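Keep in mind that this is a model prediction, so the values were computed, not measured.
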Amino acid sequence: MGRPYVFITRKLPDDIVAPLCDKYDVNMWPHEHLVVPRDILLQEASRAEALITMLSDRIDEELLKQSPKLRVVANVAVGYDNIDVEAAKTYGVIVCNTPDVLTETTADLTFALLLATARRLIEAAEFVKGGKWKSWSPLLLAGTDVHHKTIGIVGMGKIGQAVAHRAKGFYMRVLYYNRSRNIEAEKTLDATYCSFDELLRRSDFVVCLTPLTNETYQLFNRAAFAKMKSSAIFINAGRGAIVDEEALYDALIHRRIAGAGLDVFAQEPIRSDHPLLQLPNVVALPHIGSATKETRYAMMHVCCRNVMAVLEGKEPYTPVR
C-alpha cells in the first residue's frame, strides 16, 4: 500500500512541510501568491487523503463528493466559511482550523487599524511622501481621539476580548454584542452587554469581529449604518460579507459615518477601482489580520499536526465541531 497523499494549496516553507514529507507523499501548489485553479484543486483532491487549504479555496460538496479518499481538511485560518462543514460531515471528512494561535496578533492588527483610521495615519504618511507638507496649521490632518471614547465590539470571542483588553489601556468604555453573553468578559474587562441597535447608537468605534454565518451575512447594512453616530468609525476585521459594501460606501460619502478601516472585503483581492478604495476616509488592508511571521508559522504547524494526527488514526488537535 502506498503512502497517503497530501495536497497543499499554497507554497509553504520547506521546514514547515518537512515532517509531512517524511511520512507521506506531499504535493504543494508551487506559488505563494497565486490561488490554485479550481480544476487543479478538484483533480488533486480526488486522490488526496488530506488537504491543507487557504481561505481562498472553496471546499464544497462538489469537491467532497468526488474525493473518496479524503479524510481531513486543515484550513490555515481560524475562520472556515470557505468550507461546507455539514457536507464534510456527510462525507466523513474532518475539518480543522487554527484557533488560539492568532488571537493576540489579530487583536494587535485590529486595534492598529482603528488607530490608523482615527488618526488618519495612512493619509498623513502619503501627504508627507507626496511632498505636500509645506507648513504647519492647527487642523492639518486632524483626526479624532481614541482615548476615553466608547468602543462597540460585535463578536466577543477570543479576539474580541483581546481587542477589548487593548481598549481598556486607552481608557475606553467597552460595549459588546454577541449571540450569547460573555460573563467572563464582563467581569474581567468591565464590558457591557447590549443589543446590536444600542451598540450602534452609543459607540464611537464599531468593531466587527463576528464570524460569517447566515445570521451575520450583511449584518452591517443601510439600516445599521443609519443608526451609528455621524462621528463614528467602522472597523471590520471579521469577514467582508458581513458588510453590505454599497451601503457602507453610501454612508461614507454622505457623511453618515466618519470613516472606515477595513482588513476584509466581500471579494478578495478587492479590485483597485472599487469605490471604497477611492475614499480618503477609508483605510484598506489586504486581509493581514494574522500576518506576522511568528503567527503564520504557528498556524501552518497546527495544520500539519492536525493532518498527521488524523492520518495516524488519532484525534485532531483543533477540529471544527
Pair Glu86 + Lys89: basic N to acidic O under 4.0 Å: yes
Between Arg38 and Glu62, does at least one N-O distance fall below 4.0 Å, as a salt bridge requires? yes
Just by modelled atom types, is the Ile288 backbone N or O under 3.5 Å from a matching donor or acceptor in the Asp263 side chain? yes
May I ask you to decide if Arg222's main-chain N or O and Asp244's side chain share a donor-acceptor pair within less than 3.5 Å? no
Sequence-distant partners of His301, ring pair (Phe, Tyr, Trp, His ring centres under 6.0 Å), two or more places apart: none
Who are the ring pair (Phe, Tyr, Trp, His ring centres under 6.0 Å) partners of His148, not counting sequence neighbours? Tyr171
Where at least one partner belongs to [range], residue pairs that pass ring-ring contact (aromatic ring centres under 6.0 Å, His included), sequence neighbours excluded:
| range | answer |
| --- | --- |
| residues 22-50 | Trp29-His31 |
| residues 176-214 | Tyr176-Tyr193, Tyr177-Phe196, Phe196-Phe220 |
| residues 90-145 | Phe111-Phe170 |
| residues 70-89 | none |

Under the side chain to side chain donor-acceptor pair (under 3.5 Å) definition, can you give me all pairs with a residue in residues 198-209, not counting sequence neighbours? Glu198-Arg202, Asp204-Lys229
What residues, two or more places apart in sequence or in another chain, satisfy salt bridge (charged side-chain N to carboxylate O under 4.0 Å, His left out) together with [X]?
| X | result |
| --- | --- |
| Glu245 | none |
| Glu268 | none |
| Arg71 | Glu49 |

When you look at NZ of Lys158, are more than 12 heavy atoms from neighbouring residues, nucleotides or ligands closer to it than 6.0 Å? no
Sorted by first residue and then second, give each salt bridge (Lys or Arg N to Asp or Glu O under 4.0 Å) pair with at least one member in residues 139-151; sequence neighbours left out. none
Using the salt bridge (Lys or Arg N to Asp or Glu O under 4.0 Å) rule, collect all pairs that involve residues 273-299, keeping only residues at least two apart or in two chains. Arg271-Asp273
So, do Pro316 and Arg305 sit near enough that their side-chain heavy atoms are less than 4.5 Å apart? no
